[in-house]
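These notes concern the structure reproduced below.
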Amino acid sequence: YRVETPNAIVKDHVLYVFYCADGHRGGKAFTTRYQIGYAYLPLNGATIKESLLTQKKVLSRRSTEPLLPYVTDRASYMNNVQEPSILYDKDHFELYFVGLTLGRPDAPIGGVPDQRLTGIGVGRAILNDRLELESVTPEPVVNGPNIIEVRKIHDRYYMFAVAAGPGGG
């Protein structure tokens, strides 16, 4: 499967890498329709560099099922979910992501003549310590950005993003 835009965090000596990847539908690849998943690696006292480069350990996937799946039965900013940005706050993970609203939520993005992008926004999902989905914002928290990085410093959130739209960012 194809993976894009990994975003890493270490919590309790475990490296977590969140990513978006092509989805599947009806047993077939649903290319360019992204969903968010994650992989993990217990560090066991080693650094990330030691674990990956010296010990040549590999990350394990939690599941073949997505952590944050796309929506295909109605128009939603979650028709395609991508660009994860993860942080941990007190007792939960906060997963920020870019969501695309599509004119044809049941079809691939490429190769479908009447497919079109009708919206783009940033969503927020709350995951508990076991990385189980607790909630997702029903609407985007911010409209327009594409390719994001969210950080929290001294109780303030900061988002770095590339603007979507004609002419780039």
Side-chain angles (χ1 to χ4, degrees), residues 1-44 48 51-52 56-112 115 117-142 145-152 159:
Y1 58 95
R2 183 174 51 181
V3 172
E4 280 194 358
T5 59
N7 191 267
I9 188 170
V10 175
K11 182 191 173 298
D12 296 333
H13 309 288
V14 177
L15 170 65
Y16 296 95
V17 177
F18 291 76
Y19 58 86
C20 60
D22 282 336
H24 287 81
R25 188 165 184 205
K28 296 182 181 176
F30 203 29
T31 56
T32 66
R33 289 295 298 274
Y34 295 111
Q35 301 181 94
I36 294 176
Y38 78 90
Y40 65 94
L41 174 66
L43 296 172
N44 299 320
I48 295 170
S51 294
L52 295 175
K56 306 219 183 287
K57 292 184 178 179
V58 296
L59 286 90
S60 299
R61 284 173 60 194
R62 166 195 74 95
S63 169
T64 58
E65 294 299 312
L67 178 66
L68 191 59
Y70 46 53
V71 172
T72 59
D73 63 345
R74 68 189 186 297
S76 165
Y77 86 104
M78 292 186 59
N79 290 152
N80 193 80
V81 291
Q82 59 194 44
E83 317 295 339
S85 183
I86 190 76
L87 56 93
Y88 189 83
D89 188 31
K90 298 180 183 95
D91 63 351
H92 64 275
F93 290 91
E94 294 181 26
L95 173 63
Y96 292 85
F97 59 93
V98 172
L100 306 180
T101 306
L102 302 173
R104 292 267 321 271
D106 62 332
I109 291 178
V112 177
Q115 183 65 284
L117 178 65
T118 62
I120 183 168
V122 174
R124 177 178 175 243
I126 301 297
L127 312 167
N128 64 25
D129 267 339
R130 295 178 309 282
L131 290 163
E132 298 165 332
L133 186 60
E134 296 279 323
S135 65
V136 180
T137 54
E139 299 295 326
V141 294
V142 177
N146 188 17
I147 309 175
I148 60 167
E149 180 75 23
V150 178
R151 291 292 168 240
K152 186 174 183 182
M159 181 188 319

inquiry  = Check Arg33 with Asp22, please: is the shortest side-chain N to carboxylate O separation under 4.0 Å?
reply    = no
remark   = All heavy atoms of Leu127 vs all of His92, minimum pair found to be O-CB, 3.3 Å
remark   = On a heavy-atom basis, the closest approach of Arg74 and Val71 is NH1-CG1, 3.1 Å
ask   = Is there a side-chain contact between Glu139 and Thr137 (heavy atoms, below 4.5 Å)?
value = no
remark   = Partner of Leu95 under side-chain contact (heavy atoms from CB on, under 4.5 Å), picked from Ile126, Asn7, Ile86, is Ile86
query = Does Ala107 offer a backbone N or O that forms a donor-acceptor pair with the side chain of Gln115 under 3.5 Å?
reply = yes
ask   = Mind checking whether Glu94 and Arg124 have side chains closer than 4.5 Å, heavy atoms only?
value = yes
task = Evaluate the side-chain proximity of Tyr77 to Ile120: yes if any heavy-atom separation is below 4.5 Å, no if none is.
result = no
key: Considering all heavy atoms, the nearest Gly121-Pro140 contact   = CA-CB, 3.8 Å
query = So do Val98 and Pro145 actually touch side chain to side chain, heavy atoms under 4.5 Å?
reply = no
query = Is the Phe97 to Phe18 ring centre distance short of 6.0 Å?
reply = no
message = Walk me through whether Tyr88 and Asp12 qualify under side-chain hydrogen bond (donor to acceptor under 3.5 Å, both in side chains).
response = CA-CA 11 Å; Tyr88 189 83; Asp12 296 333; over 6 Å; no
ask   = So do Asn44 and Pro42 actually touch side chain to side chain, heavy atoms under 4.5 Å?
value = yes
ask   = Sub-3.5 Å donor-acceptor pair from the side chain of Asn80 to the main-chain atoms of Leu100, do we have one?
value = no
message = Hydrogens and angles aside, do Glu4 and Tyr34 bring a side-chain donor and acceptor to less than 3.5 Å of each other?
response = yes
query = Do Thr101 and Leu117 touch side chain to side chain, with heavy atoms closer than 4.5 Å?
reply = no
ask   = Which pair of non-hydrogen atoms, one from Ile48 and one from Leu15, has the smallest distance, and what is that distance?
value = CD1-CD1, 4.0 Å
ask   = For Val17 and Leu59, which heavy atoms make the closest approach, and how far apart are they?
value = CG2-CD2, 3.5 Å
ask   = Do the side chains of Lys11 and Asp129 get nearer than 4.5 Å, heavy atoms only?
value = yes
request  = Kindly compute the distance separating OG1 (Thr5) from CD (Glu83), expressed to the nearest 0.5 Å.
outcome  = 4.0 Å
message = Could you check whether any side-chain heavy atom of Arg104 comes within less than 4.5 Å of a side-chain heavy atom of Val112, counting everything from C-beta outward?
response = yes
task = Give the intermediate values and the outcome of side-chain contact (heavy atoms from CB on, under 4.5 Å) for residues Leu41 and Tyr16.
result = CA-CA 7 Å; Leu41 174 66; Tyr16 296 95; over 6 Å; no
